[in-house]
Amino acid sequence: MLDFEKLLNKSQLEAVLQTDGPVLVLSAAGSGKTRVITYRIANLIQKGIHPYNILAVTFTNKAAREMKERIFKIIGSNANGILISTFHSMCAQFLRDEAENIGLNKNFSICDSQDQKNIVKQCLNKLNLDDKKFIPNVISSLIGRAKDDMISASEYRSNAEKRGEFFFITVGEIYEIYQKTLEESQNLDFGDLQFKVVEMLENNPKILAKFQERFKYIMVDEFQDTNYCQYLMIKLLSGKYKNICVVGDDDQSIYSWRGANVENILNFENDFANTKSIKLEQNYRSTKNILKAADKLVKNNIERKNKTIWTENEVGEEIVYIQTQSEKYEAEFIAKEIQKLANEGYSLNEIAIFYRTNAQSRIFEEVFRNLGVPYILVGSIKFYDRKEIKDVLSYLKVIINPNDTINLKRIINLPARGISDKSIDLVESLQKDGDSFFDILTNIVMGAYTEEKVPNRLVKSIQKFHSMIIELMKNANKMTLREIINTVLEKTGYMQSLYEDNTIYKDSRIENVMELVSAAGDFEETFGDVSLEGFLEHTVLINDIDKLNNETQKVTLMTLHLAKGLEFPIVFLTGMEEGLFPNSKVDYDKNELEEERRLCFVGITRAMKKLYCLAAMQRKIYGMTKMHLPSRFLKEAGILDDIIDKQNNYINPYAKFDDYINKYDKQNNNNHYRYYEKGEKFNENKVFKKGERVKHPSFGIGTILDFYGRDDNKTVYIKFYNGIEKRLILKYAKLEKYISYLE
DNA sequence: TGAATCGATGTTTTT
DNA sequence: CATCGATTCA
């Protein structure tokens, strides 16, 4: 028996023991919510609840896996049968289990956001719409949001018609065709997985009753990130026994642009009668200094549940703020600092570097590679998103389900086998109701059409392709995953085409495809699942971060979004600049600034011992060098004061942004660090460069003409405004940079 | 059909 | 700056 009273603090204990009825756990960052969830599950099982009746939902596979590991560590095989899963994997599983009862093909494919975008593009073509006006990215995200909100295509359209909004009426039309395309190809997108489950539960009382009976106890992690559809699902599933425990933190809601609805957590008590609310406010992760900054920052948000976050941890080190000349020196500074930290005894996997946008990772990779800092980059281009991987996966999907037209069309002429886009159009024109694309191919092969309708040459090409697919389908049953993939690579000529490819991608593509084969092998070993279906589902629903393991001696690089749920002793928050973070693309009027601020809060609260905040004065964005002021968040968090001294003609960066930008000397690109720490003046500079204007306490303002010597003897040659030219020992000269914005 | 070139475009992205 | 996609050219 576990002694919960010893293992948990008062509120944690309360949350663990309160097993029945709706429970809302508001857990501040680092307050041990995973601990609560795992012990709560342990408690349920100890009380005699069968694990089969327990469901725990998370958002990432990593979180799910960690939770499983921790539970099995605590109570071992007693936990067998428990369902700990992400919303999406869980839904995919439900749908496959119930496929027959709801008229779904059990072998449906799941398409990712890239596929979604491509399908939208196809729909635009069909409807003859301008993709400048109806940007595929925007449309697919609108469709995604609609599904999150449980709005079907027809509803979407009729809603728009009621409002008389032309743009959205058209979006509705696209949505309708998009949905038809998916259905015909027996594909589900991420939104569908959940939408269909809710639909299934709403329309089939028997199925609903079965699920309700099974999941007597339900727990949801990161509840602030749930969307309306997920919320409904949870409400339905817990409808009978009402043993629903949700855990979340409204201050860490950073996915509203993905349909997450903070209201779900804010209104939980109103929506579930007799909710027991528990607050976890003691932080076990960070030092007082770090926590103070995070708390100070997030208090600037108006829309939040009021809570105090506190810790008994040590005060710890001051937060370090560094401003560098450019993004390159930002990276170099960090590299050197990492070296220092490593010498102090920190291991590299204790260090993380966060940034707002993926583009920022590039310079870190470059600098770290040059300086030999081992790093692991999480996110950005995901392995399974790569073209060559998607190609091979498309083949596999077609082998499982030849009616998957979306993927069939993707690979039918890849490598080229004489079935061009025109040929595809021709084949489609022969389509009759109920026929899939593959059915028509079969008909053509069977000789159902005359030479006039389908030219002989095309029939031959299609025959070859068709028999190849049939052959692969037959063999797939008898082979291991690895063998299947290897056979596909060989028989389809795809591997051959990679070798014949003479672009710069050749080597990496071959390498990646090999990697896929070994990933399939790993999958067989780890999951003991040898089914192709299982592997394919894994490839769509898994994310890079899921593979992140803490064993490797490498520094972690990732976006702030990916950082949620993780913790590191040392954290570097980079690119803390106005325009970048908060990002200038967010709509400040639509509360999106508050979400940026929460993102910053998430970043700060990842740090356990030491936090560095970095900003670059200038940064290349899309090839253009732009000047940036330090982020307002630094000021809000009390990390950076009003550092610009008005007496010295320096303006307050938070007051006159444009002035500062316009008048900054853009020629400035000498190679030195230019940084100052908290409390120091903006003009703190030990290094000067030729042509720069300086201010001397007695001689006044002048221009640097040249330098002589080095180190302590370094002499500077200055021509002052009153005509006097002087040679001065730099070390003793008490020079300041002189930058006037008032001229 | 494939290479080549031009030009538009670029916030974050659990699944 | 770098990438992707569409159009054009061979």
Side-chain angles (χ1 to χ4, degrees), chain A residues 57-64 85-92 110-114 116-118 121 125 131-132 135-137 140-141 144 147-148 188-194 221-222 224-227 229-230 252-260 327 354-360 362-363 366 378-382 384-385 387 413 415-423 497 500-505 537-546 558-566 575 579-587 592 595-596 598-600 602-603 619-625:
Chain A
V57 198
T58 64
F59 276 85
T60 66
N61 292 293
K62 184 171 191 276
S85 177
T86 64
F87 269 105
H88 291 86
S89 309
M90 174 180 90
C91 289
I110 300 169
C111 62
D112 62 23
S113 18
Q114 219 180 352
Q116 289 173 35
K117 225 167 66 185
N118 289 333
K121 273 186 205 157
N125 277 337
D131 64 358
K132 300 270 174 335
I135 302 157
N137 251 334
S140 72
S141 114
K147 288 180 180 178
D148 291 339
L188 299 183
D189 64 19
F190 290 138
D192 286 336
L193 287 175
Q194 307 179 126
D221 192 13
E222 305 278 15
Q224 75 281 353
D225 290 335
T226 50
N227 59 40
C229 178
Q230 291 161 334
Q252 293 185 63
S253 159
I254 55 173
Y255 283 105
S256 73
W257 48 272
R258 265 197 120 295
E327 75 277 16
F354 301 149
Y355 35 83
R356 176 67 234 268
T357 67
N358 272 316
Q360 288 165 254
R362 194 189 203 95
I363 187 74
E366 209 176 293
V378 183
S380 68
I381 311 147
K382 289 174 220 146
Y384 293 113
D385 282 353
K387 182 193 178 300
N413 201 34
R417 37 175 86 89
I419 309 173
S420 64
D421 288 352
K422 286 243 165 69
S423 312
S497 74
E500 284 164 7
D501 179 24
N502 277 323
T503 64
I504 45 164
Y505 305 112
E537 191 156 309
H538 171 85
T539 62
V540 209
L541 298 180
I542 208 86
N543 185 267
D544 269 14
I545 195 172
D546 302 327
M558 62 169 84
T559 62
L560 282 153
H561 280 88
L562 288 180
K564 196 175 64 166
L566 307 176
L580 191 64
F581 189 34
N583 199 284
S584 54
K585 291 279 171 73
V586 308
D587 193 339
E592 289 177 9
E595 182 147 319
E596 291 282 297
R598 288 193 292 269
L599 188 57
C600 185
V602 167
R619 179 179 295 274
K620 254 189 202 163
I621 293 177
Y622 308 139
M624 285 213 298
T625 301

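Here is the naming used below: chain letters follow the sequence lines, and residue numbers restart at 1 for every chain.
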Open item on the list: The side chain of A/His88 is closest to which nucleotide in this list: B/dT11, B/dT1, B/dT15?
Closed with: B/dT15
Task: Interatomic distance where CE belongs to A/Met558 and C1' belongs to B/dT12 [whole Å] - done: 14 Å
- [ ] Would you kindly give the CG-to-P distance between A/Leu562 and B/dT14, to the nearest whole Å?
- [x] 5 Å
Open item on the list: Let me confirm one number: the CD-CE distance from A/Gln230 to A/Met90, rounded to the nearest 0.5 Å.
Closed with: 8.5 Å
Task: Which nucleotide in B/dT12, B/dT15, B/dT11 has an atom nearest any side-chain atom of A/Thr559 - done: B/dT12
Open item on the list: Return a single string for nucleotides 2-10 of chain C, one symbol per nucleotide in 5' to 3' order, where B is base contact, S is sugar-phosphate-only contact and - is none, cutoff 4.0 angstrom on heavy atoms.
Closed with: SS-S-----
TODO: Round to the nearest Å and state the distance from A/Asp225 atom CG to B/dT13 atom P.
DONE: 14 Å
Open item on the list: Just by distance, no angles: are the side chains of A/Glu222 and A/Gln224 close enough, under 3.5 Å, to form a donor-acceptor pair?
Closed with: yes
Open item on the list: Both A/Leu599 and A/Asp421 contact DNA chain B. Which one's nearest nucleotide lies toward the 5' end?
Closed with: A/Asp421
- [ ] Classify the nucleic acid contact of A/Ser420 as base, sugar-phosphate or nothing, counting any heavy atom under 4.0 Å across all strands shown.
- [x] sugar-phosphate
Open item on the list: Can you measure A/Leu560 atom CG to B/dT12 atom C1' for me and round it to whole angstrom units?
Closed with: 9 Å
TODO: For A/Tyr255, enumerate each residue passing the ring-ring contact (aromatic ring centres under 6.0 Å, His included) test, keeping only those at least two apart in sequence or located in another chain.
DONE: A/Trp257, A/His561
Open item on the list: Using a 4.0 Å heavy-atom cut-off to protein, can you give one letter per nucleotide of nucleotides 2-10 of chain B, 5' to 3': B if the base is in contact, S if only the sugar-phosphate is, - if neither?
Closed with: S------SB
- [ ] Could you walk me through whether A/His88 and A/Ile110 pass the side-chain contact (heavy atoms from CB on, under 4.5 Å) test, one step at a time?
- [x] CA-CA 10 Å; A/His88 291 86; A/Ile110 300 169; over 6 Å; no
Task: Separation of B/dT15 C1' from A/Phe190 CZ (nearest whole Å) - done: 5 Å
Task: A/Ser113 and A/Gln116 side chains, donor-acceptor separation under 3.5 Å - done: no
TODO: Show the numbers, then the answer: is there a side-chain contact (heavy atoms from CB on, under 4.5 Å) between A/Leu560 and A/Tyr355?
DONE: CA-CA 6 Å; A/Leu560 282 153; A/Tyr355 35 83; over 6 Å; no
Task: Any A/Asn61 side-chain nitrogen or oxygen under 4.0 Å from OP1 or OP2 of B/dT14 - done: no
TODO: Rounded to the nearest angstrom, tell me the gap between atom CG in A/Leu580 and atom P in B/dT12.
DONE: 10 Å
Task: Quiz item: A/Arg258 side-chain donor-acceptor pair to B/dT15 base, under 3.5 Å - done: yes
Task: Straight-line distance of A/Phe87 CZ to A/Leu193 CG, nearest 0.5 Å - done: 12.5 Å
Task: Polar contact flag, side-chain donor to acceptor under 3.5 angstrom, A/Ser256-A/Glu595 - done: yes
Open item on the list: In this structure, how many angstroms lie between the P atom of B/dT11 and the NE2 atom of A/His561, rounded?
Closed with: 13 Å
Task: Shortest non-hydrogen contact from A/Asp225 toward A/Ser253 - done: OD1-CA, 4.1 Å
TODO: Specify the residue among A/Arg417 and A/Glu595 whose closest nucleotide of DNA chain B lies further upstream toward the 5′ end.
DONE: A/Arg417
Task: Distance, rounded to the nearest Å, where A/Lys117 contributes NZ and B/dT13 contributes P - done: 13 Å
